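Working notes for the structure below.
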Amino acid sequence: MTPEHTRLVTALRELRVGAGLSLAALAERTAYSKSSWERYLNGKSLPPREAVRELCRLADAPQGRVLALWEIAESHWSGRAAASPAPVTARPAPEDGSPRTREPAATGAGRRPGRSRLLVLLAAAYTVIVGGVAAVLFLLLPGSAEQEEDQLPASVPFSLAPLCHGAACEGRDPMRLICGIGPDTLAAHRTATGAHVELRHSEKCGASWARTWGTEIGDRLDVTAEGPTHTVLIANADDAAAFMYTEMTEVTRGSTVRACFRPAAADGERECFEARVGDRVGEAGPAPRGPGPSRPAPSGSGG
């Protein structure tokens, strides 16, 4: 897959996991078969634009950002994004005063040997970098569509270990530190404004964080365990159209993690819920009332 295709697949799989939709459920609710969705979500083929729209609709997520990713991926898939022809270069004016002429840039046969070798090395380095980025992005996909579980794809020839653990993860980005590979969802909640909030946990990293989507500009999400509170603010339309994550907080088994969602509206109520590390999804208990109005997540809330 190209990096552009990988970014699209990442977004589609985030939507599917966030909405709790199996491949069978997608097949039942759309015009595309289970095997088709398996190919789309594992990057084996590019989905039609309408399939992307349908997944956004079922996940109750904004379409703009995901459709933009589809447009970019499709342009590379179809070859429309191929590099443009080499520019022409002007030769110095002849000393005899004859008219200046323009010729195409020199071909490989006309280049000096040293420059040719340099270009070959640069091209090889670019290939390695692009391939590595694509592999890392694929590793960060939320789960294998075929397995219906948060597992690493078998096709990836190597794995990346988390880059922090425990206190070393405090206040750091879960995606950049490779803690977002196959995390557990401790609890999920849908707010009164329609936003989705999840408490996430990585056992390998010994850390938890919160993520949200379906938000509005100005919304705010806090997460805390036994240490500092970490916050993410929905600052613009791009944030509102994407999954947004807080920084991580250190936890151990039995720790209580608490998330509080604060809507942008002045009259909106602060909604908090919590979960204990080691409990199954849905066992989160009501959060103690903190400063300002608070409302615990309803029992069994999904999203």
Side-chain angles (χ1 to χ4, degrees), residues 7 9-21 55-56 59-62 65-66 69 137 139-143 150 162 164 169-225 228-251 255-264 270-277 279 281-282 284 287 297 301-303:
R7 284 192 287 268
V9 172
T10 301
L12 295 179
R13 290 173 70 167
E14 286 273 19
L15 289 175
R16 183 191 72 85
V17 172
L21 294 167
L55 181 53
C56 290
D60 193 23
R65 172 179 172 273
V66 185
L69 292 175
L137 288 173
L139 282 172
L140 293 179
L141 299 181
D150 288 333
C164 68
C169 295
E170 188 73 49
R172 305 183 72 182
D173 189 321
M175 299 298 107
R176 292 182 181 274
L177 276 295
I178 321 297
C179 295
I181 299 179
D184 297 320
T185 299
L186 300 178
H189 173 57
R190 187 164 186 178
T191 71
T193 61
H196 297 263
V197 182
E198 289 179 343
L199 279 171
R200 307 282 270 175
H201 170 68
S202 169
E203 184 175 356
K204 290 183 179 180
C205 290
S208 291
W209 63 94
R211 74 169 181 174
T212 185
W213 68 97
T215 53
E216 299 177 0
I217 298 174
D219 289 348
R220 179 188 183 102
L221 178 63
D222 300 329
V223 68
T224 186
T229 296
H230 301 294
T231 301
V232 63
L233 174 67
I234 311 305
N236 51 48
D238 289 339
D239 290 350
F243 286 86
M244 296 297 291
Y245 302 81
T246 67
E247 296 167 332
M248 292 184 283
T249 183
E250 179 188 9
V251 296
S255 295
T256 297
V257 190
R258 170 175 170 153
C260 288
F261 180 86
R262 308 182 186 195
R270 178 168 171 261
E271 300 178 49
C272 296
F273 67 103
E274 62 185 32
R276 192 172 61 182
V277 176
D279 288 347
V281 176
S301 61

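All values reported here derive from a predicted model rather than from experimental measurement.
Residues L12 and V66 form a side-chain contact, since some pair of their non-hydrogen atoms from C-beta on lies under 4.5 Å apart. Contact check for C179 versus M248: side-chain heavy atoms found under the 4.5 Å cut-off. Using a 4.5 Å heavy-atom cutoff, the side chains of H201 and V251 are in contact. Side-chain contact between Y245 and V232 is absent, with no heavy atoms from C-beta onward closer than 4.5 Å. By the 4.5 Å heavy-atom criterion applied to side chains, W213 and P62 are not counted as neighbours. Under the 4.5 Å side-chain criterion, counting only non-hydrogen atoms from C-beta, P263 is not in contact with T191.
Taking CZ of R211 as the reference point, atom CD of E198 lies at 4.5 Å (rounded to 0.5 Å). Annotation: the span from E216 atom CD to T193 atom OG1 amounts to 5.5 Å, rounded to 0.5 Å.
With sequence neighbours excluded, the residues satisfying side chain to side chain contact (heavy atoms under 4.5 Å, CB included) with A61 are L15, A59. Take R262 and apply the side-chain hydrogen bond (donor to acceptor under 3.5 Å, both in side chains) test, not counting sequence neighbours, and it matches D222. Partners of C164 under the disulfide (SG to SG under 2.5 Å) rule, at least two apart in sequence or in another chain, are C169.
Crowding of E170 atom CD: a count of heavy atoms from other residues, nucleotides or ligands under 6.0 Å exceeding 12.
Defined by atom type and a distance below 3.5 Å, a donor-acceptor pair is missing between the side-chain atoms of S255 and R276.
Here the closest non-hydrogen pair linking A237 and I217 is N-CD1, 3.6 Å.
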